[in-house]
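Lettering of chains follows the sequences in order, A, B, ..., and the numbering in each one begins at 1. The analysis underlying the following values was restricted to heavy atoms, covering all of them including side chains, and did not include hydrogens, waters or symmetry mates.
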Amino acid sequence: MADVHLPKGMRDILPQQMILRQRVISTIQQVFLRYGFAPLETPAMERIETLTGKYGDEGDKLIFRVLKRGEGGQQGEVDQALRYDLTVPLARVIAMNPQLPMPFKRSQVQPVWRADRPQKGRFREFYQCDVDTVGAPVGLADAECIAVVHDCLLALGFTDFTIRLNHRRWLAALALAVNAAEREGELIVAIDKLDKIGRDGVSRELLGRGFTQGQIDRVWELLDGAPLAGSEQALAELDQVEALALAMGVDRQRLLRDRTLARGLDYYTGPVFETVLTDGGLGSVSGGGRYDGLIGMFCGREIPAVGVSLGLERLIVLMEERGMLGGSSSATRVWVTVFSDETLPASLAAVSAFRQAGVPAEISLAGGKLGKQLKAADSRGVPFAVVIGPDEAAAGTVKLKDLRSGEEQVLSLSLAIDQLGAAS
RNA sequence: GUGGGUAUAGCUCAGCUGGUUAGAGCGCCAGGUUGUGGCCCUGGAGGUCGUGGGUUCAAACCCCAUUACUCACCCCA
């Protein structure tokens with residue numbers, strides 16, 4: 001093998017896989033459009049100061065930095081970085097385009113980069129499918145984020161998933177109530193692991209981090225439902241968002257209030273949500289929340305916003321494992337063989353006619369024996385082949401072969417076009 | 001950032017306590033079948049055993065280093 005390598009955590013996506021991938025993206029984008037989230041794209045790179053300080057310490061460390069072009073390479077100076085998510089670039093766009101009508105809804109399906117250690121379902125370059133609503137207060141817009149994720153997963157064929165819902169200010173109140181307001185982050189990180197390491201595990205971790213047994217006991221009381229001072233408004237907002245999401249058609253079974261859901265990113269200020277497959281085991285496939293303070297960091301004017309992101313890579317890994325990516329792995333419907341120089345014009349006429357009729361068609365470029373040509377079509381996943389030998393050319397017909405069943409029929413070109421246009 | 005695992009043909013891997021020409025399946029090419037793929041049969045091409053050092057009469061195998069990939073932790077989509 002030639003001594004060439006891909007950068008760590010990055011992959012080529014070959015055509016056969018790309019076909020399936022585009023179907024998934026297209027399904028998601030159709031749902032986005034049904035909700036009125038119009039597409040937006042932003043550059044792969046942002047200026048470094050646009051990204052830093054938005055995600056928290058852990059996040060900042062994972063920002064993929066880019067050496068300053070042309071100079072400073074030796075010293076490792078950076079002034080740009082690959083985007084870490086799609087939310088911060090959106091906030092920048094909003095700040096730079098004050099003329100946009102509010103509320104502003106947009107979708108964005110683009111890769112993001114994180115300088116993480118790769119593992120299963122985790123890559124350094126991966127696509128997020130993001131929707132955000134800017135300029136709308138807590139309520140309908142948050143519920144729409146939940147509903148759109150719900151509908152995307154259903155459209156892709158997932159049924160067993162749970163959208164967990166919590167509120168950042170409830171967690172802040174929790175931290176305050178146990179006299180750990182300045183250690184909210186640590187507290188949150190620990191209790192977020194509840195479903196993974198259990199109560200004992202969380203207690204042990206909190207002890208290890210220097211929390212007292214008294215604080216820990218109080219945390220459990222509050223998580224178990226004891227009244228929490230200062231959390232009334234947050235809870236009312238969650239009630240409202242939950243009710244609206246249900247009214248929008250979200251299945252009650254799939255929406256779960258969870259006081260331990262935290263979300264890692266610093267910029268969240270209100271309701272936060274995350275989706276896990278109940279039979280999954282790949283971490284979350286979607287995450288989001290309200291970030292009322294982020295845009296203000298760019299333009300000085302506080303503009304409320306809420307958004308959610310689907311992790312395309314993880315969805316595809318899971319769909320592959322579960323055989324949910326059906327259908328042909330080729331976009332080409334019919335493979336036109338070339339029998340000989342004499343019949344080449346007839347084959348060319350056929351392939352052109354298919355293409356003009358909107359039927360994706362390829363002509364055998366490499367030639368060779370008929371069997372080899374059929375094999376070429378089959379191995380590419382093309383469902384049909386057309387053979388035009390001397391007999392068919394003389395009669396003005398084509399032989400259409402279903403490569404899956406092996407059935408053949410001789411018919412006119414226009415009938416063949418009708419058949420392929422209609423058949424699925 | 002922390003801890004494991006792996007690296008041998010295009011792909012997936014086997015290769016015993018070191019032993020002489022390094023194997024299999026799949027794929028590829030050719031033929032069996034000059035108008036038919038998948039199944040079957042026959043033959044063929046294809047490997048500096050990741051890289052660099054060391055030990056040894058002898059290294060794919062042992063030791064050291066290095067690089068790459070990968071899995072898990074942290075965190076995340």
Can you check the [X] [atom1] to [N] [atom2] distance for me, whole Å?
X	N	atom1	atom2	answer
A:Arg124	B:A77	CZ	P	17 Å
A:Lys369	B:C29	NZ	P	12 Å
A:Phe273	B:A77	CZ	P	12 Å
A:Glu392	B:G35	CD	P	12 Å
A:Arg314	B:A77	CZ	P	8 Å
A:Arg21	B:A77	CZ	C1'	12 Å
A:Lys399	B:G37	NZ	P	12 Å
A:Glu274	B:A77	CD	C1'	9 Å

What string of B, S and - do you get for nucleotides 68-74 of chain B, 5' to 3', if B is base contact, S is sugar-phosphate-only contact and - is no contact with any protein heavy atom under 4.0 Å?
SSSSBBB
What nucleic acid atoms does [X] come within less than 4.0 Å of, heavy atoms only: base, sugar-phosphate, or nothing?
X	result
A:Asp85	nothing
A:Tyr127	nothing
A:Ser286	sugar-phosphate
A:Glu408	base
A:Glu125	nothing

Say we look at [N] and [M]: how far apart would their [atom1] atoms be, to the nearest angstrom?
N	M	atom1	value
B:U8	B:U48	C1'	12 Å
B:C62	B:C16	P	9 Å
B:A22	B:U2	C1'	38 Å
B:A65	B:C74	P	29 Å
B:A77	B:G3	C1'	24 Å
B:G19	B:G25	P	23 Å
B:U55	B:U12	C1'	33 Å
B:U21	B:U42	P	28 Å

Sorted by first residue and then second, give each salt bridge (charged side-chain N to carboxylate O under 4.0 Å, His left out) pair with at least one member in residues 408-417 of chain A; sequence neighbours left out.
A:Lys399-A:Glu408, A:Lys401-A:Glu408
Could you list all the salt bridge (charged side-chain N to carboxylate O under 4.0 Å, His left out) pairs where at least one residue sits in residues 45-54 of chain A, not counting sequence neighbours?
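Output for this query lists A:Glu46-A:Arg92, A:Arg47-A:Glu49.
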Please collect all ring pair (Phe, Tyr, Trp, His ring centres under 6.0 Å) contacts where either partner lies in residues 124-165 of chain A, sequence neighbours excluded, each pair once.
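Applying ring pair (Phe, Tyr, Trp, His ring centres under 6.0 Å) to every pair that reaches into residues 124-165 of chain A, excluding sequence neighbours, yields A:His150-A:Phe161.
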With [X], which residues qualify under salt bridge (charged side-chain N to carboxylate O under 4.0 Å, His left out), at least two apart?
X	result
A:Asp12	none
A:Glu184	none
A:Asp85	none

Salt bridge present between A:Arg380 and A:Glu362 (N-O < 4.0 angstrom):
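No, no charged N to carboxylate O under 4.0 Å.
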Does a side-chain N-to-carboxylate-O contact under 4.0 Å join A:Arg106 and A:Asp132?
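Here A:Arg106 pairs with A:Asp132 in a salt bridge, since their nearest N and O are under 4.0 Å apart.
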A:Ala38 and A:Leu33 have their tightest heavy-atom pair at CA-CD2, 4.5 Å
Which pairs, with at least one residue in residues 171-183 of chain A and sequence neighbours excluded, count as a side-chain hydrogen bond (donor to acceptor under 3.5 Å, both in side chains)?
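side-chain hydrogen bond (donor to acceptor under 3.5 Å, both in side chains) check on residues 171-183 of chain A returns A:Arg183-A:Glu186.
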Kindly check if the number of other-residue, nucleotide or ligand heavy atoms within 6.0 Å of CG (A:Asp57) is above 12?
no
Aro-ring/base stack A:Phe126-B:A77, d under 5.5 Å, angle under 30°
yes
Using side chain to side chain contact (heavy atoms under 4.5 Å, CB included) as the criterion, list what pairs up with A:Leu82, not counting sequence neighbours.
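Expected list: A:Ala44, A:Met45, A:Phe64, A:Val66, A:Trp113.
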Residues in side chain to side chain contact (heavy atoms under 4.5 Å, CB included) with A:Asp391, at least two apart?
none
Tell me, which stems hold RNA chain B, with a stem being 3 or more Watson-Crick or G-U pairs in a row and both distances under 3.5 Å?
B:1-7 with B:67-73, B:10-13 with B:23-26, B:28-32 with B:40-44, B:50-54 with B:62-66
Sub-3.5 Å pairs of nitrogen or oxygen atoms, protein against nucleotides 38-42 of chain B:
| residue | atom | partner | partner atom | Å |
| --- | --- | --- | --- | --- |
| B:G38 | N2 | A:Arg404 | O | 2.6 |

